[in-house]
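Numbering starts at 1 and runs along the sequence shown.
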Amino acid sequence: MDSESDGFTAFFESHYPRVIAMLVAHRGFAEVIAQDAAAEAMTRLVQHWGKVQAPQAWVRTVAFRVACQLAGNQQAGLSERELVDRGSTQDLVAAELALVAGTAIAALPRRQQEVMTLTLVDMTPSEIAEVLGCTPAQARANLAHARRTLRSAIRMDREA
């Protein structure tokens, strides 16, 4: 294998399960749709490997769009389903984050949900801005508001 294909292989092994976890746990897609969308996004990425400047953001964006198409542009609400089916994700870290943060994140306004979800899957404010079509400053501001709201919610839960 050459270094370019080694780079993609390492990226795939690291990010494929995380993309599935993001689609299932944070966006509400069925596991089979998430797997198909992640596989399709990775297939498209390998065709453009070396040309894509932010592959993590790119593959998540493509996977989300493919999942929307596969699901007929309808997502199940997080409140209507179990947050994470433990067998549906191979990435334990993402599953743990989803279990701990999923309910609190679901209570945030939509843009704050999106920013926090993408932050939890290791995206930077610049990458988030690229995915959401806003400025990095707007992404950071939404992230700050979301974190403040989550801290308050956690404090209230501890006091109760």
Would you call the rings of Trp49 and Phe11 parallel, tilted or perpendicular if under 30° counts as parallel and over 60° as perpendicular? tilted
For Glu31 and Val24, the nearest pair of non-hydrogen atoms, with its separation, is CA-CG2, 3.8 Å
Distance-only donor-acceptor check, side chains His145 and Arg148, under 3.5 Å: yes
Applying side chain to side chain contact (heavy atoms under 4.5 Å, CB included), can you list everything that pairs with Ala37, at least two apart in sequence or on another chain? Leu23, Val66, Ala67, Leu70
Check the pair Leu118, Leu132 against side-chain contact (heavy atoms from CB on, under 4.5 Å), reporting the backbone distance first and the verdict last. CA-CA 10 Å; Leu118 295 173; Leu132 298 179; 4.1 Å; yes
Evaluation steps, side-chain contact (heavy atoms from CB on, under 4.5 Å), between Val52 and Trp58: CA-CA 7 Å; Val52 175; Trp58 190 94; 3.5 Å; yes
For His48, check side-chain hydrogen bond (donor to acceptor under 3.5 Å, both in side chains) against everything at least two apart and list the hits. none
To the nearest 0.5 angstrom, please state how far the CG atom of Leu108 sits from the CD atom of Gln113. 6.0 Å
Determine whether Gln138 and Arg111 satisfy the following criterion, side-chain contact (heavy atoms from CB on, under 4.5 Å), listing intermediate values before the conclusion. CA-CA 10 Å; Gln138 290 170 322; Arg111 181 59 82 169; over 6 Å; no
Tightest non-hydrogen contact, residues Val115 and Ala139, listed as CG1-O, 3.5 Å
Contacts of Glu40 that satisfy salt bridge (Lys or Arg N to Asp or Glu O under 4.0 Å) - sequence neighbours left out: Arg44
What class does the angle between the rings of Phe8 and Phe12 fall in, given that below 30° is parallel, 30 to 60° is tilted and above 60° is perpendicular? tilted
Gln47 atom CD, neighbour heavy-atom count above 12 within 6.0 Å: yes
CG of Leu150 to CE of Met116: how many Å apart, nearest 0.5 Å? 5.0 Å
If the condition is side chain to side chain contact (heavy atoms under 4.5 Å, CB included), which residues does Glu127 pass it with, not counting sequence neighbours? Gln56, Ala57, Met123, Thr124
For Ser126, enumerate each residue passing the side-chain hydrogen bond (donor to acceptor under 3.5 Å, both in side chains) test, keeping only those at least two apart in sequence or located in another chain. none
For the backbone of Ala39 and the side chain of Thr43, can you confirm whether one donor and one acceptor N or O come within less than 3.5 Å of each other? yes
Can you name the closest pair of heavy atoms from Ala63 and Ala41 and give their distance? N-CB, 3.6 Å
Can you measure from OH (Tyr16) to CD (Gln35) and round to the nearest 0.5 angstrom? 5.5 Å
By side chain to side chain contact (heavy atoms under 4.5 Å, CB included), Arg140 pairs with (sequence neighbours left out) Pro125, Pro136, Ala137
Check the pair Ile128, Thr119 against side-chain contact (heavy atoms from CB on, under 4.5 Å), reporting the backbone distance first and the verdict last. CA-CA 8 Å; Ile128 293 168; Thr119 298; 3.3 Å; yes
